[in-house]
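Some notes on the structure that comes next.
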Amino acid sequence: MPEGHSIHRQARDQTPMLRRKLVAVSSPQGRFIDGAALLDGRRCMAVEACGKHLFYRFAGGDALHIHLGLYGKFLCAPRPAAEPRGLVRVRLESPTHTVDCNGPNQCEVLTGEEVDRLIARIGPDVLRDDADPERAWARITKSRAPIGQLVMDQSVMAGIGNIYRTEILWRQRIHPLTPGRALERDAFDRFWADSVALLKVGVNLRAIVTVDGAIEGTAGRGPGRYGARTNIFKKATCPRCGGPILQFPIAARKTFCCEACQPAVDPVALKGVAAAGEDG
DNA sequence: TTGATTGTTACCGG
DNA sequence: TCCGGTAACAATCA
């Protein structure tokens, strides 16, 4: 679940639940202990998302930092809380709500300074109003790395995961193997704007929806794991031109593209690419 | 049981 | 130094 949209959605949902004194911060399975007790009875001032990171900021400056990794998830409920289910790393209890965080990759207490340092290393977050796309462009235009890798590099720009990169590159007709320095400024601007628009839809719908009609919330129903919510992710056929979808790994994750709609800048760079795809 | 995965980091070699 | 490839870690589910 965790691309940027779901983290921002959690920040939005959890702020009113937790923005008061926390009566308990605990670790039901003993999997997260260091510093947790430090937060008991303290006031949570804000729940803040930055890229795929979530920070619970406490009065006095300390913060609880959580990164969900590939599998982590939140379970929020009004009190009284049920028994913890699954591998709960940390449980936050306010007078009104309980928030369980299951199986996160990172779960730690940081000082305010440590939080600032961490955030400084994160690229501009497409979901934050204060994000500066020029920071991302400066990195991209200097790099020979493929754009499909750069947009998922959280230090270049933050919030985009494998599905969004695949879908937005297709929507904007950008071949994922285009070297960053070969990308036109106009293409970057379109990628950025579409990222902002689609991730905001994702926050509102609590789901990755990249097909047209998403704004109205009418998309998303359909067979298959991704139903009609995505265009080419794990699909075999391009919904725009009917051509075949290629799949190949970039940055350790499988991506997809339609060569007809996303013409390669340098055909030589495509050596080794294999046709595939199942679904469809 | 196996394999894949909406993520990230470290390491190695060219 | 940069970049591509690979492995490792992690939890869940088909």
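A note on names: the letters A, B, ... follow the listed sequences, proteins ahead of strands, and every chain is numbered from 1. Being a predicted model, the structure only gives us computed values, none of them experimental.
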Which nucleotide, C:dT6, C:dC13, B:dT5, lies nearest any side-chain atom of A:A252?
C:dT6
Over how many whole Å does the gap from A:K73 atom NZ to C:dC13 atom C1' extend?
10 Å
P atoms of B:dA4 and C:dT6, separation to the nearest Å:
15 Å
Closest to the side chain of A:R144, out of B:dT6, C:dG4, C:dC2, is C:dC2
Check: A:R190/A:Q172 side-chain N/O donor and acceptor closer than 3.5 Å:
yes
Just say parallel, tilted or perpendicular for the rings of A:H65 and A:H53, cut-offs at 30° and 60°.
parallel
State the pairing partner of C:dA10; accept Watson-Crick or G-U wobble contacts with both distances under 3.5 Å, and report none otherwise.
none
Among B:dT5, B:dT8, B:dG7, the one nearest A:P2 by side-chain distance
B:dG7
Which nucleotide in the set B:dT6, C:dC13, C:dG4 lies at the smallest distance from any side-chain heavy atom of A:I208?
B:dT6
Please determine, for the side chain of A:S143, which listed nucleotide (B:dT8, C:dC3, B:dG7) has the closest atom?
C:dC3
Answer with yes or no whether the side chains of A:E48 and A:Y56 bring together a donor and an acceptor at under 3.5 Å.
no
What is the distance, to the nearest angstrom, from the CG atom on A:N105 to the P atom on B:dG7?
12 Å
Under 4.0 Å: is that the gap between some side-chain N or O of A:K254 and OP1 or OP2 of B:dA4?
no
Roughly how many Å apart are C:dA8 and B:dG3, using the P atom of each and rounding to a whole number?
15 Å
What nucleotide, of C:dA7, B:dG7, C:dA11, holds the atom closest to the side chain of A:L87?
C:dA11
Protein-nucleotide distance (A:F256, atom CZ; B:dA4, atom C1'), rounded to Å
11 Å
Is there a Watson-Crick or G-U wobble partner for B:dT6 with both distances under 3.5 Å, and which nucleotide is it?
none
Within 45° of the six-membered ring axis of A:W170 and under 6.0 Å from that ring's centre, is NZ or CZ of A:R165 located there?
no
Test salt bridge (charged side-chain N to carboxylate O under 4.0 Å, His left out) applied to A:R117 and A:E113, step by step:
CA-CA 6 Å; A:R117 255 180 276 145; A:E113 267 187 17; 3.8 Å; yes
Quick note, A:F233 side chain, CB onward, closest among C:dT6, B:dG7, B:dT6 is B:dT6
Rounded interatomic separation in angstrom, taking CG from A:L150 and P from C:dG4
9 Å
Looking at A:R253, I'd like to know whether one of its side-chain N or O atoms comes within less than 4.0 Å of OP1 or OP2 on B:dT6.
yes
Starting at atom CD1 of A:I122, determine the distance to atom P of B:dT9, rounded to an integer number of angstrom.
9 Å
A:L75 CG - C:dT12 C1' separation (whole Å):
13 Å
With a 4.0 Å cut-off on heavy atoms, is A:P146 in touch with a base, just the backbone sugar-phosphate, or nothing at all?
sugar-phosphate
Measure from CD on A:Q106 to C1' on C:dA11 and round the result to the nearest Å.
16 Å
Are OP1 or OP2 of B:dG7 and a side-chain N or O of A:H67 less than 4.0 angstrom apart?
no
Would you say A:N204 and A:H5 are linked by a side-chain donor-acceptor pair, where the criterion is simply a distance under 3.5 Å?
no
Nucleotide nearest A:Y71 (side chain, heavy atoms from C-beta), chosen from B:dT8, C:dA11, B:dG7:
C:dA11
Which part of the nucleic acid, if any, lies within contact of A:Q149, taking any heavy atom under 4.0 Å across all strands shown: a base, the sugar-phosphate backbone alone, or nothing?
sugar-phosphate
Rounded to whole Å, the NZ-P distance (A:K142 to C:dT1) equals 14 Å
Mapping A:A251 and A:A145 to their closest nucleotides on DNA chain C, which lands nearer the 5' end?
A:A145
